[in-house]
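Small disclaimer: the values here were computed from a predicted structure and weren't measured. Here is how names work: the chains are called A, B, and so on, in the same order as the sequence lines, proteins then strands, and each is numbered from 1.
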Amino acid sequence: MRRLGRRFYERNTLEVAPQLLGKLLVRRVDGWELVGRIVEVEAYRGRDDPASHASRGMTPRNQVMFREGGLAYVYFTYGNHYLFNVTTEPRGRPGAVLVRALEPIAGVEYMMRNRGTRDPRLLTSGPGRLTKALKIDKRLNGIDLTTSNELFIADDGYVVERVARSPRIGVSGGTRRKWRFYVEGNPYVSR
DNA sequence: ACTCCGATTGGCT
DNA sequence: GCCAATCGGAGTA
């Protein structure tokens with residue numbers, strides 16, 4: 001099990017995103033080690049990507065997107081949910097990958113407690129669901145995933161058979177092209 | 001100061 | 001399938 005380093009994250013966002021599939025997201029909190037395998041992600045680039053928070057330059061919220069790759073970018077949305085992203089690209093160039101779904105691997109009992117459900121399908125299959133299951137909130141915004149022991153991503157050698165891509169169009173609020181990648185056939189992919 | 005609205009979810013029809 | 005909840009960020013003035 002090898003933790004991903006700076007080299008992994010500081011590359012083209014569209015290259016990093018699909019390669020995060022199959023990796024393990026590890027969260028240590030309250031004496032628990034919560035682990036989930038990443039099965040769905042979405043890439044967000046800079047000015048050229050109208051769907052990205054960074055499309056209109058740097059603001060207080062999105063500033064971490066402009067920092068080095070390998071940091072946690074966590075923000076609050078819809079008045080209810082925290083969404084977790086990992087930053088990409090070298091310092092100065094904005095980029096991030098939203099983690100949209102996990103396959104629960106370890107610490108499932110605690111995830112169930114955090115989510116208020118025992119249905120494994122509803123535990124971490126959604127960007128707002130997985131942050132609640134893993135107790136990820138804005139306190140973790142900006143932390144370095146390459147050195148933190150509370151939150152990091154590791155490679156256990158698992159190889160994803162088939163990666164699917166859905167440049168989704170027609171999201172609420174307008175027509176937008178999305179760079180969504182997911183593990184084909186995995187039951188924990190959101191929908 | 002004010003308005004608009006979203007990288008969502010869960011509940012109800 | 002439809003829609004309310006809920007609130008901070010971002011844009012406009």
Side-chain angles (χ1 to χ4, degrees), chain A residues 9 12-21 23 25 36 38-67 69-89 93-104 111-143 145 151 153 163-183 186-191:
Chain A
Y9 298 106
N12 186 299
T13 308
L14 293 181
E15 194 175 329
V16 175
Q19 290 181 24
L20 279 169
L21 296 176
K23 302 296 188 291
L25 177 60
I38 299 172
V39 297
E40 183 179 325
V41 298
E42 206 156 76
Y44 289 95
R45 289 120 64 215
R47 284 206 170 275
D48 62 317
D49 183 357
S52 172
H53 284 170
S55 64
R56 298 178 204 191
M58 189 160 51
T59 66
R61 176 176 61 164
N62 69 20
Q63 52 133 326
V64 65
M65 285 184 75
F66 290 76
R67 295 175 57 195
L71 307 182
Y73 171 38
V74 182
Y75 70 92
F76 187 63
T77 192
Y78 286 101
N80 300 301
H81 316 289
Y82 289 102
L83 271 55
F84 168 70
N85 305 246
V86 301
T87 63
T88 55
E89 314 275 350
R93 181 182 316 174
V97 177
L98 170 69
V99 177
R100 294 188 50 86
L102 304 174
E103 174 178 341
M111 292 186 196
M112 290 174 167
R113 213 182 297 171
N114 293 157
R115 285 276 296 127
T117 177
R118 301 194 68 80
D119 183 344
R121 264 306 315 271
L122 300 177
L123 232 38
T124 53
S125 56
R129 290 171 176 167
L130 70 90
T131 54
K132 192 166 185 192
L134 272 56
K135 281 199 170 180
I136 293 172
D137 61 32
K138 68 180 179 186
R139 293 193 302 267
L140 294 171
N141 185 228
I143 69 158
L145 301 174
L151 187 65
I153 299 176
V163 173
R165 178 186 320 186
S166 59
R168 225 200 179 187
I169 297 179
V171 181
S172 75
T175 303
R176 289 175 170 175
R177 192 176 299 270
K178 294 282 191 176
W179 290 98
R180 184 177 297 193
F181 301 89
Y182 57 95
V183 176
N186 187 288
Y188 295 95
V189 167
S190 73
R191 186 77 2 161

5' to 3' on DNA chain C, which nucleotides open and close the contacts with chain A (atom under 4.0 Å from a heavy atom)?
C:dA5 to C:dG11
If I take atom CG in residue A:Leu130 and atom P in nucleotide B:dT8, what distance separates them, rounded to the nearest angstrom?
12 Å
Interatomic distance where CZ belongs to A:Arg100 and C1' belongs to B:dA7 [whole Å]:
7 Å
Between A:Asp137 and A:Arg139, does at least one N-O distance fall below 4.0 Å, as a salt bridge requires?
yes
So do A:Thr87 and A:Tyr9 actually touch side chain to side chain, heavy atoms under 4.5 Å?
no
Measure the distance from OH on A:Tyr78 to P on B:dT8 and round it to the nearest whole Å.
6 Å
With rounding to the nearest 0.5 angstrom, report the OG1 to CZ distance, A:Thr131 to A:Phe76.
10.0 Å
Can you check whether A:Val99 reaches A:Leu20 side chain to side chain, under 4.5 Å on heavy atoms?
no
For A:Leu83 and B:dG6, what is the distance between atoms CG and P respectively, to the nearest whole Å?
14 Å
Does the side chain of A:Leu151 come within less than 4.5 Å of A:Leu25's, by heavy atoms?
yes
Between the protein and nucleotides 10-12 of chain B, list the N/O to N/O atom pairs that are separated by less than 3.5 angstrom.
residue, atom, partner, partner atom, Å
B:dG10, OP1, A:Arg115, NH1, 2.8
B:dG10, OP1, A:Arg115, NH2, 3.2
B:dG10, OP2, A:Arg129, NE, 2.7
B:dG10, OP2, A:Arg129, NH2, 2.8

Stem regions touching DNA chain C, defined by at least 3 consecutive Watson-Crick or wobble G-U pairs below 3.5 angstrom:
B:1-6 with C:7-12, B:8-12 with C:1-5
Answer with yes or no whether the side chains of A:Thr13 and A:Glu89 bring together a donor and an acceptor at under 3.5 Å.
yes
Would you classify A:Phe76 as touching base, sugar-phosphate or nothing, given that sugar-phosphate means primed atoms plus P, OP1 and OP2, and contacts are heavy atoms under 4.0 Å?
sugar-phosphate
Assess A:Arg61 against A:Tyr75: is NZ or CZ under 6.0 Å from the centre of the six-membered ring, and within 45 degrees of the ring's axis?
yes
Pairing donors with acceptors under 3.5 angstrom, does anything connect the side chains of A:Tyr44 and A:Lys178?
yes
Rounded to the Å, how far apart are A:Phe84 CZ and B:dT8 C1'?
17 Å
Side chain proximity check, A:Val41 to A:Arg100, heavy atoms < 4.5 angstrom:
no
d(CD, A:Glu40; C1', B:dT8) in whole Å
13 Å
Separation between the C1' atoms of C:dC3 and B:dC5, rounded to whole Å:
15 Å
Quick one: does any side-chain atom of A:Asn186 pair with a main-chain N or O of A:Val183 as donor and acceptor, under 3.5 Å?
no
Does A:Tyr73 reach the side chain of A:Asn62, with side-chain heavy atoms less than 4.5 Å apart?
yes
Expressed in angstrom and rounded to an integer, what is the separation of A:Tyr82 atom OH from B:dG6 atom C1'?
16 Å
With DNA chain C as reference, determine whether A:Lys138 or A:His81 sits nearer its 5' end, using the nearest nucleotide of each.
A:His81
